[in-house]
*Asks:* 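I am attaching a structure below and will ask some questions about it afterwards.
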Amino acid sequence: MMQKTIAAALLACGLLAAGLAAAGDCPAHYVGGRLPEIHNQKMAAATTELCYGVFGVMHSGLTRTPLWSAEHLTADNLAAAQDLSRENSFHAEPQLPAGQRAELSDYARSGFDRGHMAPNGDMPDRASQHQSFTLANMVPQDGDNNRHIWAGIEGAVRKMALKEGDLYVITGPAFIGGKLQKIGKVLVPSHLYKVVYSPRQRAGAAFFIENKSTTDYQVLSIAELESKIGINLLPSLSAQQKDTVLRLPNIRQRKAKR
DNA sequence: CGGGCCTCCCCT
DNA sequence: AGGGGAGGCCCG
């Protein structure tokens, strides 16, 4: 059976370097085929676009995390994902130079989870699933956050995509504030976001949450989120579209103990 | 409304 | 390989 090879991905990266940067290497994963634009110059340094089967990430060699991970969720792929059991295969990203990438040792006994940006639960086949376990798709995430409220957000977005038929999703970290923690050489994000864009409704919105044990989260417009993180995530949208807040499902608050 | 079961994140 | 917590969901 034919499968997309790493060699093909590397070739595409070469084409990117040759001048197709506006669309990026994997336009199929992006709304309108447009690559997000990083406006903060410091964040733009040492970035590498990595394209995988059903998602693409922009990796930062400074934070040693993705800055975003972009997916086009479809009902068909999600149906396939539901039939795929989880097989863990956390690994450092071989396409990245050692001086830029996270290693398993950075996360080991760090107290933080290796939190997927593009979630395992979205992956429709074994190859994509394995790709999702690259550390280029991970950030150090508070364990309680990741396993509870964040898992709830991911599940709600999958459910919404099944209902809508398809959905574009961009997930990533935010590094806000002066006292950011590191585990090994990996920067720990202060917040996490997940953008949901519905092509059918031509509108989007974002979950925004602190990277800590909490059940509180915010729903922001695309414009508000972009201003917080300094990235134009959806260059193909009009200003008006970025101000229109798509209705997102409510995520269940934790049941009070008694 | 309550209990049992399954799914979904992970860790050491 | 083994362990764990919480939310979703179905059923009575």
Side-chain angles (χ1 to χ4, degrees), chain A residues 52 54-55 57 64-66 68-69 71 73-93 102-164 167 169-174 181-184 186-189 191-196 207-219 247-258:
Chain A
Y52 304 99
V54 296
F55 68 100
V57 315
R64 305 200 186 208
T65 68
W68 72 73
S69 183
E71 311 167 77
L73 296 184
T74 64
D76 284 349
N77 277 353
L78 290 176
Q82 287 177 336
D83 293 332
L84 192 65
S85 63
R86 178 179 176 121
E87 279 185 10
N88 290 352
S89 59
F90 294 99
H91 58 276
E93 176 52 62
E103 302 289 346
L104 295 174
S105 56
D106 289 317
Y107 283 88
R109 289 173 295 280
S110 68
F112 286 87
D113 276 12
R114 296 168 290 200
H116 282 70
M117 295 295 90
N120 165 69
D122 291 354
M123 299 300 145
D125 56 66
R126 284 286 172 219
S128 296
Q129 181 179 60
H130 180 264
Q131 291 165 354
S132 83
F133 277 88
T134 175
L135 295 186
N137 184 45
M138 305 278 169
V139 305
Q141 185 172 2
D142 176 87
D144 180 71
N145 179 299
N146 183 34
R147 297 168 193 199
H148 304 132
I149 183 78
W150 192 251
I153 289 173
E154 290 177 342
V157 170
R158 277 192 285 274
K159 191 174 167 183
M160 187 174 172
L162 285 170
K163 204 169 68 177
E164 293 271 322
L167 220 51
V169 180
I170 307 180
T171 311
Q181 184 180 352
K182 271 189 176 182
I183 56 164
V186 182
L187 198 58
V188 178
H191 301 75
L192 302 169
Y193 66 83
K194 186 179 284 289
V195 167
V196 176
F207 294 98
F208 189 70
I209 188 171
E210 281 190 77
N211 185 20
K212 68 177 191 183
S213 175
T214 181
T215 60
D216 297 331
Y217 66 91
Q218 293 180 270
V219 173
R247 184 172 182 80
L248 295 178
N250 288 319
I251 309 303
R252 198 112 147 82
Q253 304 295 300
R254 179 176 317 189
K255 197 185 303 181
K257 282 195 172 183
R258 16 165 220 172

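Chain letters run A, B, ... following the sequence lines, proteins first and then strands; every chain starts at 1.
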*Asks:* In whole angstroms, how far is the C1' atom of C/dG7 from the CG atom of A/D144?
*Replies:* 12 Å
*Asks:* Rounded to whole Å, how long is the line connecting atom CG of A/D122 with atom C1' of B/dC9?
*Replies:*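 Between C1' of B/dC9 and CG of A/D122: 13 Å.
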*Asks:* On the 0 to 90° scale, with breaks at 30° and 60°, tag the A/F208-A/H191 ring pair as parallel, tilted or perpendicular.
*Replies:*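 A/F208 vs A/H191 ring planes: parallel.
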*Asks:* Can you check whether A/A80's main-chain N or O pairs, donor with acceptor, with A/D83's side chain at less than 3.5 Å?
*Replies:* no
*Asks:* May I ask you to decide if A/K212's main-chain N or O and A/N145's side chain share a donor-acceptor pair within less than 3.5 Å?
*Replies:* yes
*Asks:* Can you find a side chain N or O atom of A/K159 that sits less than 4.0 Å from OP1 or OP2 on B/dC8?
*Replies:* no
*Asks:* Can you check nucleotides 4-7 of chain B for protein contacts, nitrogen or oxygen pairs under 3.5 Å, and list what you find?
*Replies:*
none

*Asks:* Give a yes or no on whether the backbone of A/G184 and the side-chain of A/D106 come within a donor-acceptor separation of less than 3.5 Å.
*Replies:*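 No.
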*Asks:* Rounded to the nearest 0.5 Å, how far apart are CG of A/L104 and CG of A/L135?
*Replies:* 5.0 Å
*Asks:* Taking A/Y217 for its side chain and A/I251 for its backbone only, find out whether a donor-acceptor pair lies under 3.5 Å.
*Replies:* yes
*Asks:* Any protein N or O atoms within reach of nucleotides 10-12 of chain B? Criterion: under 3.5 Å, listing atom names and distances.
*Replies:*
residue	atom	partner	partner atom	Å
B/dC10	OP1	A/R114	O	3.1
B/dC10	OP1	A/H116	N	2.8
B/dC10	OP1	A/H116	ND1	3.2
B/dC10	OP1	A/N146	ND2	3.4
B/dC10	OP2	A/R86	NH1	3.1
B/dC10	OP2	A/R86	NH2	2.7
B/dC10	OP2	A/H116	ND1	3.3
B/dC10	O5'	A/R114	O	3.4
B/dC10	O5'	A/N146	ND2	2.6
B/dC10	O3'	A/D113	OD1	3.3
B/dC11	OP1	A/F112	O	3.3
B/dC11	OP1	A/R114	N	2.9
B/dC11	OP2	A/R114	NE	3.1
B/dC11	OP2	A/R114	NH2	2.9
B/dC11	O4'	A/R147	NH2	3.2

*Asks:* A/I251 CD1 to C/dG7 P: how many Å, rounded?
*Replies:*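 For the pair A/I251 CD1 and C/dG7 P, the rounded distance is 12 Å.
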*Asks:* Distance-only, no hydrogens or angles: does the A/D142 side chain make a donor-acceptor pair with backbone N or O of A/E210 under 3.5 Å?
*Replies:* no
*Asks:* Does A/T134 use its side chain to pair, donor to acceptor, with the backbone of A/N137 at less than 3.5 Å?
*Replies:*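 Such a contact is absent between A/T134 side chain and A/N137 backbone.
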*Asks:* Check the distance between C/dG7's P and A/W150's CH2 and give it to me in whole angstrom.
*Replies:* 17 Å
*Asks:* Show me the donor-acceptor pairs, under 3.5 Å and distance only, between side chains in residues 111-128 of chain A and residues at least two apart or in other chains.
*Replies:*
residue	atom	partner	partner atom	Å
A/D113	OD1	A/R147	NH2	3.0
A/D113	OD2	A/N146	ND2	3.1
A/D113	OD2	A/R147	NE	2.9
A/H116	NE2	A/S132	O	3.3
A/H116	NE2	A/S132	OG	3.4
A/N120	OD1	A/Q129	NE2	2.8
A/D122	OD1	A/R158	NH1	2.9
A/D125	OD1	A/A127	N	3.1
A/D125	OD1	A/S128	N	2.7
A/D125	OD1	A/S128	OG	3.1
A/D125	OD2	A/S128	OG	3.4
A/R126	NH1	A/S85	O	2.9
A/R126	NH1	A/Q129	OE1	2.5
A/R126	NH2	A/S85	OG	3.0

*Asks:* Please report the distance, rounded to the nearest Å, between CD in A/Q129 and P in B/dC8.
*Replies:*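 Rounding to the nearest Å, CD of A/Q129 and P of B/dC8 are 11 Å apart.
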*Asks:* How is A/G121 classified with respect to the nucleic acid when contacts are heavy atoms under 4.0 Å: base, sugar-phosphate, or nothing?
*Replies:*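 A/G121: backbone/sugar contact only, no base atoms under 4.0 Å.
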*Asks:* Round to a whole Å and report the spacing from CG of A/N250 to P of C/dG7.
*Replies:* 15 Å
*Asks:* Give the rounded distance in Å between these two atoms: CG of A/D83 and P of B/dC8.
*Replies:*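 Distance check: A/D83 CG to B/dC8 P gives 10 Å.
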